[in-house]
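Quick notes on the structure that follows.
All values below come from the heavy atoms of this structure, side chains included, with hydrogens, waters and symmetry mates left out. A quick note: this is a predicted structure, and the numbers were derived from the prediction, not measured.
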Amino acid sequence: MWPIERLRRAERHAAPPEPRASLAAEEQPARSVPRGGGWRPGARWAREDQLGHVALPPDGDHSQFLPEPARGGGPTRSDGGGAAAARGGKPPRPSTTGYGGGPPPRDKLGEELAPLITSIRDGNRVVIAAACPQARALGLAPGMALAQARAQIAGLDIRDADPEGDQVHLASLAIALARRWTPTVAIEGDDTLFLDLTGVAHLHGGEAAMATRLRHMLARFGYTARIAIADTPGAAWALAHFHQPTLCPSGQHAEAIAPLPIEALRIDPAAVELLHRLGVTRIAQLAAMPRAPLVRRFGAGLAMRLERALGRLPEPLHPVVPPEPITVAQRFAEPIATPEAIEHWLGMLVPRLTAALEARGLGALRIELIADRVDGVPQRIRVGLARANRDPLHLLRLFTRRIEQIEPGFGIDAMALHLRRSSPLGAEPVTERLDEEAAPDLAPLVDTLATRIGLSAMWRSRPVESDVPERSVARMAVLDPPARPGARTRIDDIGQLDRSPMLHPWHPEWPKPARLLARPERLDHVMAELPDHAPRRFTWRGHAHRVIRADGPERIHGEWWKRDAERASVRDYFRVEDEAGRRYWLFRSGDGERAVTGDLSWYLHGVFG
């Protein structure tokens, strides 16, 4: 079930959203205004509803597969030979995964999901590559023609098979297990892993406890497993695929696999068919036959598989090798203490780091410089990049600008550059025509500014379709592209908020202020004629202002299709200018006639100029 469960895990949703509260319930919490009314301006009205989605790590992130297990003592295999084979199959907890009679999987709204199958082309036919338990219960199985499956069952959820992606994700799981459970993990086929438990089982409480913890770990991430432990890899594979999950006692693996079918030996299908014609269907029957006739008739492969499963021949494993972290270091015969010497050795270390990155096809996202002082107090400089980069000149400039942060003390006797975070970096597209102007690359500028003020202090603005002013603009990452081609002009306009007024994209005849307050601020001592006149005077932050010019009102209704509390809400905005020439953007809560639209309180929302 590895391909199916990988798709389910990628599409896992949060719990169903809670039902909306009634209008009366919305009025109960504390307000930002003293009087009643069905609409609360400010932070509550501006805040977007957010569901508590669980953020899942992407494929390839090895830290997604459970933290390092707790260590403990326990019994271990006396002969020291152990192998475990794990594959998709019967789940450890049917009631939570929807397998084996449990509830079927459901989406975020609680509706039952359609049977899921994947399809792949086999010659001129399109066949089923994998099927979920629901589909298998309906009679669908891998290898069946897709047209036949559609004719039998209506409403199937059919996806294209991704064997390469399944193998990549399986390799990612293997690397995670090799880092935290056992150093020898090998991939076998499309859905099987071999784990050599020699010398490590006692660290996890014994072989049985280790198998249980592995199964529970995979279940937490949405994967089911069949785990078998035996003396040889061949026996463990056979028990995991053709037997109930078991812990085979030491030295009894031959008896354990004897009643299993000959397919459990991973032999050629043509040999299996011929053996069936000869009446040989069990491993016990095959093991009782002399080896020489088997080799002459079926070749050495059949006899080798049998002998390896019985433990008479060794079966080498080809384990995955977790990638080593990239680090370049330099020790000095004499301590250095001057900025010039530090810059010189940085110029030697950075090219070595970029060469190692290029050899692996990576780009740096975060690098840490550690300078070891003679008194044992390390000096650290961390550099983050907005986009993967391995340009030695650019990286060197980022480090040299921060050399003054290093306190050499009595001297530095070693320096090292550690790659803390990276991402694949390959060939990038270039402009094909010489007369075509390429878009400017902002990444070097962003990296330079981030070394001074931090990457979190920089952002770009993007437009949001909303008539509510504080909702019509949202932050986005500095280097993120526009959401759609037509949004680039609007994004550029919003980026000029600190220099000139902006026209609202849905009401171009009404200019908007250059700056909006983070939250509308309450005005006191407001004198205004109702229902459609601007205030004559008001007090803001303890200072009285007398209005000499005004324009408005501009009416903005609440977004009733998003929140029931805004169904009758109204804001009337005015642009006013005081006697000192300062221009403000004010609004009144309510239309001045109906109490349900607002409590007639006044707020300052923005400043012009």
Results of side-chain contact (heavy atoms from CB on, under 4.5 Å) for [X] - residues two or more places apart only:
{"X": "Asp447", "value": "Leu385, Ala386, His394, Leu398"}
{"X": "Gln167", "value": "Leu170, Ile187, Asp190"}
{"X": "Ala178", "value": "Val185, Val320, Pro322"}
{"X": "Asp372", "value": "Ile370, Pro378, Asp413, Ala414"}

Donor-acceptor list for residues 323-333 side chains, cut-off 3.5 Å, not counting sequence neighbours:
| residue | atom | partner | partner atom | Å |
| --- | --- | --- | --- | --- |
| Thr327 | OG1 | His418 | ND1 | 3.3 |
| Gln330 | OE1 | Arg352 | NH1 | 3.4 |

Would you say [X]'s side chain and [Y]'s backbone share a donor-acceptor pair under 3.5 angstrom?
{"X": "His253", "Y": "Leu310", "answer": "yes"}
{"X": "Asp166", "Y": "Pro3", "answer": "no"}
{"X": "His169", "Y": "Gly165", "answer": "no"}
{"X": "Thr354", "Y": "Pro351", "answer": "yes"}

Filter on salt bridge (charged side-chain N to carboxylate O under 4.0 Å, His left out), then keep only pairs touching residues 298-314, sequence neighbours left out; what's left?
Arg291-Glu307, Glu307-Arg312

Residues 259-278 vs salt bridge (charged side-chain N to carboxylate O under 4.0 Å, His left out), sequence neighbours excluded, gives Glu188-Arg266, Arg266-Glu315, Glu273-Arg277

Closest non-hydrogen atom pair, [X] against [Y]:
{"X": "Arg226", "Y": "Ala240", "result": "NE-O, 2.7 Å"}
{"X": "Ala129", "Y": "Ala161", "result": "CB-CB, 3.9 Å"}
{"X": "Leu265", "Y": "Ala309", "result": "CD2-CB, 3.9 Å"}
{"X": "Ile227", "Y": "Ala211", "result": "CD1-O, 3.5 Å"}
{"X": "Ala256", "Y": "Leu260", "result": "O-CG, 4.2 Å"}
{"X": "Arg390", "Y": "Leu425", "result": "NH1-O, 3.2 Å"}

Please enumerate all residues that pass ring-ring contact (aromatic ring centres under 6.0 Å, His included) together with Phe298, with sequence neighbours excluded.
none

Under the side chain to side chain donor-acceptor pair (under 3.5 Å) rule, what do Thr182 and His204 come out as? Steps first, then yes or no, please.
CA-CA 10 Å; Thr182 176; His204 309 291; over 6 Å; no

Would you list the atom pairs, donor with acceptor, under 3.5 Å between side chains in residues 114-126 and any protein atom, with sequence neighbours excluded?
| residue | atom | partner | partner atom | Å |
| --- | --- | --- | --- | --- |
| Thr118 | OG1 | Ala130 | N | 3.1 |

Contact between Leu369 and Leu346 at the side-chain level, heavy atoms closer than 4.5 Å - yes or no?
yes

May I ask you to check whether over 12 heavy atoms, not counting those of Glu358, lie within 6.0 Å of atom CD?
no

Set of residues satisfying side chain to side chain donor-acceptor pair (under 3.5 Å) with respect to Arg296, sequence neighbours excluded:
none

Side chain to side chain donor-acceptor pair (under 3.5 Å) partners for Arg421, two or more places apart
none

If you measure from CZ on Phe221 to CZ on Arg9, what distance do you get to the nearest 0.5 Å?
6.5 Å

Return the CD1 to CZ distance between Ile175 and Arg179, rounded to the nearest 0.5 Å.
6.5 Å

Ignoring hydrogens and angles, write down the donor-acceptor pairs under 3.5 Å from the side chains of residues 137-150, residues two or more places apart or on other chains.
none

